[in-house]
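To start, the structure itself, in structure tokens.
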Amino acid sequence: MSKFNSKTFNPEAFGTYVSKIPNVNKSELARSEAVGGNENAKIALSGQSGSLYARIPYFGRITAATSQNNDGNTDMTSSSTTTFEQGFIVASRMDSWTERSFSRSITAGADFMDNVAEQIGEYKQEVKQGILLAMLKGIFSMKTDGTDKRTAAAKEFIEAHTLDITAEPEPEVGASTLNRAIQKACGDNKSAFTLVIMHSRVATNLENLQLMKYLTYTDKDGITRDLALGSWNGRAVLIDDGMPVEESADGSPLYTTYILGKGAITLEDIGDSVPYEMSRDAKTNGGEDTLYVRDRYICGADGLSFEKPADLTGSASNANLSDGANWTVINDGTNSVPHKSIALSRIISKG
């Protein structure tokens, strides 16, 4: 064990403690089941050596379209399923913090482990949400300007799964906007959508229309407070000002709101070989302590594949994840999975 400002530091115990600190955003993401893991990808990528990218079988579905009439005189025609491949990439992240007399200057008498672990937990959630938004940006900027089946599938997906209301008479979100968006994307499969991520400006419009209901949280002292987590038409809402905001031709801001379905995104922390580490520099500035943090995340999306570029050899950056050239609708070279089966959608509005 090492010492952290004269306190014994156990990396494993600290990691367990961090995971136990309540984090309402993380809990809501888990509860929505929109962001989770993929067991096959986890098995393939959990190793610490050579585990940057994996291609996992993605099995095609049988459909009623092949059902045949049995009139007693017609031979049955057999069909078969198609096996696709889905690409998953690992994004590794790291950070460190150095403090002089860390525990005294930052905790102000508060419990040391609780204070540090709570900050690390919130930091990790910010990192994870940054990765999530980068993935969504990349997915909705897939290449659509080619003539091959891959770009045609991407174009069909993006057009069907985008509801742009900026040119409509009412360019701000309203009572029917969410329902229109998810029906346009997935038709009778719209019930698959469970989570909405939006900018606070969009959330404010919904509040003013009394369309947003906020959740509450009671802390360990029994104090109840409102959260930046709400509900819109029965879907959980996560409010994040890191959401895309672009400028229109007339100078007004354009806001992107993402809607995710159950199991739509794979973003799972699979751990680093040394996730937490401490070092003590007794000489510098009269003594400094540094805390090092490392994480590894599996990144993928249901119905979509990350196609690793040749120059990506260590870890996927947010720039890699947000590059549409690295994403494609899953296909077997001839056919792509139906876009209606991909529970991802977005709304572009003026608020």
Side-chain angles (χ1 to χ4, degrees), residues 19 21-37 91 118 121-140 161-163 172-174 177-179 181-182 185-186 190-219 224-245 253-269 295 297 299-302 318 321-322 342-349 351:
S19 67
I21 292 291
N23 188 309
V24 292
N25 280 12
K26 180 179 179 180
S27 297
E28 195 60 27
L29 283 173
R31 189 177 298 113
S32 73
E33 297 184 321
V35 180
E118 185 171 324
E122 292 176 354
Y123 157 82
K124 284 174 175 283
Q125 188 60 31
E126 290 177 8
V127 171
K128 193 172 181 178
Q129 287 181 204
I131 293 174
L132 172 61
L133 293 181
M135 292 170 62
L136 291 170
K137 179 181 178 181
I139 289 167
F140 280 96
H161 292 247
T162 299
L163 178 65
E172 298 184 344
V173 293
T177 309
L178 177 60
N179 211 27
I182 60 178
C186 294
K190 67 179 184 178
S191 61
F193 289 94
T194 60
L195 179 71
V196 185
I197 311 176
M198 64 178 62
H199 192 279
S200 62
R201 181 69 178 85
V202 178
T204 299
N205 286 343
L206 293 174
E207 292 168 8
N208 292 340
L209 294 170
Q210 298 184 330
L211 295 172
M212 179 85 79
K213 296 179 181 179
Y214 278 97
L215 307 179
T216 59
Y217 170 67
T218 303
D219 63 22
T224 300
R225 57 188 175 89
D226 289 335
L227 301 175
L229 295 165
S231 175
W232 182 22
N233 285 10
R235 274 78 180 181
V237 173
L238 179 62
I239 301 169
D240 188 336
D241 279 348
M243 293 296 290
V245 182
L254 304 179
Y255 299 91
T256 296
T257 297
Y258 289 118
I259 316 160
L260 283 62
K262 182 177 179 180
I265 295 292
T266 295
L267 181 52
E268 183 176 13
D269 188 348
D295 295 294
Y297 298 94
C299 303
D302 191 40
N318 282 3
L321 295 171
S322 63
I342 305 174
L344 289 171
S345 180
R346 64 176 178 173
I347 299 166
I348 302 175
S349 66

Quick one: does His199's side chain have a donor or acceptor within less than 3.5 Å of a partner on Met243's backbone? no
Let's go through Lys190 and Asn179 carefully: what are the C-alpha distance in whole Å and the side-chain angles of both, what is the deciding distance for side chain to side chain contact (heavy atoms under 4.5 Å, CB included) to 0.1 Å, and is it a yes or a no? CA-CA 8 Å; Lys190 67 179 184 178; Asn179 211 27; 3.2 Å; yes
What are the two closest heavy atoms between Ile182 and Arg235, and how far apart are they? CD1-NH2, 3.5 Å
Out of curiosity, Lys128 NZ to Ile131 CD1, how far, rounded to the nearest 0.5 Å? 9.0 Å
How many angstroms lie between OG1 in Thr257 and CZ in Arg201, if you round to the nearest 0.5 Å? 11.5 Å
Taking C-beta and beyond as the side chain, do Lys137 and Leu133 meet within less than 4.5 Å on heavy atoms? no
Closest approach of Leu195 to Ala34 (non-hydrogen atoms, all atoms of both residues): CB-CB, 3.9 Å
In the structure I gave you, are the side-chain heavy atoms of Thr256 and Leu136 within less than 4.5 Å of one another anywhere? no
Quick one: closest heavy-atom pair of Leu321 and Ala91, and the distance? CD1-CB, 4.5 Å
What distance separates Arg346 CZ from Leu163 CG, expressed to the nearest 0.5 Å? 10.5 Å
Given side chains that start at C-beta, do those of Glu172 and Thr177 come closer than 4.5 Å, heavy atoms only? no
When Met198 is tested against each of Val173, Asn205, Leu206 for side chain to side chain contact (heavy atoms under 4.5 Å, CB included), which residue passes? Leu206
Pairwise distance CD1(Ile259) to CH2(Trp232) - rounded to 0.5 angstrom: 6.5 Å
Leu344 vs Ile265 side-chain heavy atoms within contact, under 4.5 Å: yes
To the nearest 0.5 Å, atom CG of Leu267 lies from atom OH of Tyr297 at 7.5 Å
Measure the spacing between OG of Ser200 and CD1 of Ile239 and express it to the nearest 0.5 Å. 7.5 Å
Which pair of non-hydrogen atoms, one from Leu209 and one from Gly174, has the smallest distance, and what is that distance? CD1-CA, 4.1 Å
Does some side-chain heavy atom of Val245 sit less than 4.5 Å from a side-chain heavy atom of Leu254? no
Between Ser345 (side chain only) and His161 (backbone N and O only), is there a donor and an acceptor less than 3.5 Å apart? yes
Do you know the tightest heavy-atom contact between Ala192 and Ala343? CB-CB, 4.2 Å
